[in-house]
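Everything on this sheet refers to the single structure shown next.
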Amino acid sequence: MSSDTPKRYMKPALSELKNKLTPEQYSCTQEEGTESPFQNAYWDQKDDGLYVDVVSGEPLFSSLDKYDSGSGWPSFTKPLHNTQNLTLKKDRRFGMIRTEVRSLQADSHLGHVFDDGPPESGGLRYCINSASLQFIPVDQLKAHNLGSYLFLFATKKGWEIATLAGGCFWGVEDLLKAQMGVIETRVGYTGGNTRAPSYNIVTTGLSGHAEAVQILFDPHQLKYEDLLLLFFKLHDPTTPNQQGNDIGTQYRSAIFYESDKQKMIASKIKEHVNQSGLWKKPIVTEIIPASTFWNAEEYHQKYLEKNPGGYTCHFLRNINYPAL
Ligand code: MHO
């Protein structure tokens, strides 16, 4: 087990669960019970958010995959993470052969999966008891330590994603996450040529990836233009493959655009910064199409929040670029 592997959940004793859960929750999760259709908390719930295991809090399903199956139980076309945090078991009870769905961490009985789901979404119907779940609305995800899932709701909520590289991602993330209009950030590796890279690989410079930050922001509160101007104040965009003392292609300055509109704005802002004459050397920031963003290890996420006073070579310079 690497230091980054999450600790396996320790399920409380049944006597403790009996006190903690409602009789319905206990019966569904611990005794393979089934609640009544149309008389449960979430069968008709349409709000955006995640459904977590009522026992462990493990995130299992998303409102983005929920649909109205007419069955009277919450129905999903797929689980949140493929099936990696579910176990499927053959269930021969009541003279039927069904596939039971259980959660991985707390081993809660959740419901069953059937093959009569919407064909356009893969044809599966995860029919899940509300009593086995707890719904966490989007605006409470952060409070439940589930902020990284906010990225999933970008399109639905009209939020935008920016992907920027400007040296060691600790400092870039720390300064950007504090900006008005920024909903969430995450650090990772992108722009290289190996799958699922680790920090140890990226740090050799051989994988071609850059240390990068993804910023989820509300364009009504923060314009992409203004986010880029900040980016051009918090790092030195004139040093090829280097930021401060950190040297290597993983520390290059780059804007990974997510759309043609972002590409156009990025070129315009880079030119604007170049023309301003406020840097002595030319701007070397690359403007390249976004490709797979591989999340960095958990200990790198919000690193400077976890390690106050930790290493950074980033700061907001007192630069005033001319008005656009
Ligand atoms: N010079 C720093 C860079 C860390 S950053 C995540 C270090 O080697 O710790 O690349």
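Every number for a ligand or one of its atoms is a count from 1 in the order of the listing.
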Does this structure show an ion pair linking Glu100 with Arg93, if we count only N-O contacts that are shorter than 4.0 Å?
no
Take the angle between the ring planes of Tyr149 and His81 and call it parallel below 30°, perpendicular above 60°, tilted in between.
perpendicular
side-chain hydrogen bond (donor to acceptor under 3.5 Å, both in side chains) partners of Ser69, counting only residues at least two apart
Ser71, Ser75
Heavy atoms of other groups near Asn245 CG, more than 12 under 6.0 Å
no
Which of parallel (below 30°), tilted (30 to 60°) and perpendicular (above 60°) describes His112 and Phe114?
tilted
Return a table of N or O atom pairs, ligand 1 on one side and protein on the other, at distances under 3.5 Å, rounded to 0.1 Å.
from	atom 1	to	atom 2	distance (Å)
ligand 1	1 (N)	Asp246	OD1	2.8
ligand 1	10 (O)	Tyr199	OH	3.2
ligand 1	10 (O)	Glu211	OE1	3.1
ligand 1	10 (O)	Glu211	OE2	2.6
ligand 1	10 (O)	Tyr251	OH	2.7

Determine the interplanar angle of the Tyr199 and Tyr189 rings, folded into 0 to 90°, and report it as parallel if under 30°, tilted if 30 to 60°, perpendicular if over 60°.
tilted
